[in-house]
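Atoms within each ligand, like the ligands themselves, are counted from 1 in listed order. Fair warning: this is a prediction, and the values are worked out from it, not measured in the lab.
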Amino acid sequence: MPIGKWVAIGALGVVGLTSQAASIKKQPFGKTQEGKQVELYTLTNSKGIEVAIATYGGTIVSLKVPDRNGKMGDVVLGLATVKSYEHNTAYLGALIGRYGNRIGNGKFTLNGVEYKLPQNNGQATLHGGPKGFDKVMWTAKEVPNGLELTYLSADGEEGFPGNLSVKVVYTLNDDNELKMDYSATTDKDTVVNLTNHAYFNLAGEGQGDILGHVLSIHADRFTPTDAGQIPTGELKPVEGTPFDFRTPQAIGARINVQDEQLARGSGYDHNFVLNRKGVGMELAARVVEPQSGRVLEVLTTEPGIQFYSGNFLYKTKFPMRSGLCLETQHFPDSPNQPSFPTTVLRPGQVFRSRTIYRFSPSA
Ligand code: GLA
């Protein structure tokens with residue numbers, strides 16, 4: 001709950017009610033090619049942290065946080081226009097669905113029925129298909145300290161069964177946490193895996209690559225992939241591999257070593273199996289940028305996290321590896337991998353998932 005407090009403001013002697021709740025501002029961002037108006041909502045907390053979210057793709061366009069000297073910097077890669085987001089293929093800052101990461105061969109079988117999906121990444125379906133949740137208009141509603149975005153994905157959209165009603169609530173609190181609460185319901189058995197695809201550069205957008213960022217991931221195992229980046233099904237120990245981030249490691253320290261898995265991802269582009277104690281919120285990853293002192297912690301209820309070192313960013317206006325993604329998720333290709341935690345959602349059930357990006361200038 002927002003805590004209101006009375007303050008006297010300077011020489012004017014004006015007494016007013018301020019609140020520690022995040023403020024919210026709405027401004028037009030532009031129009032889609034189809035002529036739909038896109039809004040940009042900016043949430044600001046009492047510490048001056050500011051996140052701007054567009055209704056197109058539910059996209060985090062910018063996220064300004066202080067460094068160790070209090071200097072604000074935009075730590076999320078973003079674009080200036082709706083048009084540039086419509087043409088963008090890197091999922092910059094966007095909400096991802098119905099299915100985050102890959103479904104092998106663009107198909108899966110559920111209740112004995114085979115569902116064929118559009119293949120947009122070699123033989124695979126990546127991030128929900130060519131018109132995934134990153135490329136749709138979300139309906140926005142202001143809520144206390146945040147923004148609620150809803151989207152109704154019709155039965156058969158991008159090949160997936162069931163009318164899926166999706167809600168994502170972004171909230172910003174005074175502990176410098178940006179929280180994402182995802183929920184979904186369906187009217188037919190389906191699969192769902194939702195995430196956000198923000199690319200972080202804690203030195204600030206445009207301030208070089210992320211190879212000097214120091215990363216820890218709470219994972220003893222990861223899911224190695226085949227040549228098409230589809231998990232083989234194995235949960236491989238990170239021990240003795242360049243995927244061991246159980247202690248803090250610079251991202252660039254081992255990224256160029258001879259390693260079949262690194263070669264398959266053109267760098268890091270892998271799902272880590274989080275060490276979990278239960279089903280609640282747990283710390284999954286921590287990133288420190290030594291120069292600025294900015295720290296990002298990722299907490300989640302999800303069983304996995306995709307660490308992607310921005311290897312294909314050169315296809316955008318951003319240089320290769322100038323941002324990194326930590327996409328909380330269920331494991332890639334789960335609909336075809338019976339041994340992975342299930343991503344099936346049935347009528348009457350509510351899918352729920354929560355992730356927090358927490359910032360501190362403490363390193
Ligand atoms: C995910 C995938 C990557 C890549 C990026 C976007 O992280 O695993 O292979 O597609 O999205 O370019």
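- Partners of Arg276 by salt bridge (charged side-chain N to carboxylate O under 4.0 Å, His left out), not counting sequence neighbours, listed by chain and number: Glu282.
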Candidate pair Asp174 and Ser46, rule side chain to side chain contact (heavy atoms under 4.5 Å, CB included), full reasoning: CA-CA 6 Å; Asp174 281 333; Ser46 69; 2.9 Å; yes
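- Within the 4.5 Å cutoff, the side chain of Leu149 has heavy atoms near those of the Leu147 side chain.
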Give every pair formed by an N or O atom of ligand 1 and a protein N or O atom closer than 3.5 Å, one pair per line with both atom names and the distance to 0.1 Å, or write none.
from: ligand 1; atom 1: 7 (O); to: Glu327; atom 2: OE2; distance (Å): 3.0
from: ligand 1; atom 1: 8 (O); to: Asn101; atom 2: ND2; distance (Å): 2.9
from: ligand 1; atom 1: 8 (O); to: Arg102; atom 2: NH1; distance (Å): 3.2
from: ligand 1; atom 1: 8 (O); to: Asp269; atom 2: OD1; distance (Å): 2.7
from: ligand 1; atom 1: 8 (O); to: Asp269; atom 2: OD2; distance (Å): 3.3
from: ligand 1; atom 1: 8 (O); to: Gln306; atom 2: NE2; distance (Å): 3.4
from: ligand 1; atom 1: 9 (O); to: Arg102; atom 2: NH2; distance (Å): 2.8
from: ligand 1; atom 1: 9 (O); to: Asp269; atom 2: OD2; distance (Å): 2.3
from: ligand 1; atom 1: 11 (O); to: His127; atom 2: NE2; distance (Å): 2.8
from: ligand 1; atom 1: 11 (O); to: His197; atom 2: NE2; distance (Å): 2.8

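- The local environment of NZ in Lys167 is sparse, with at most 12 non-hydrogen atoms from other residues, nucleotides or ligands closer than 6.0 Å.
- In this structure a side-chain-to-backbone donor-acceptor pair under 3.5 Å is missing from Asn176 to Ser360.
- Note: Phe307 and Phe272 have tilted aromatic rings, judged against thresholds of 30 and 60 degrees for the angle between ring planes.
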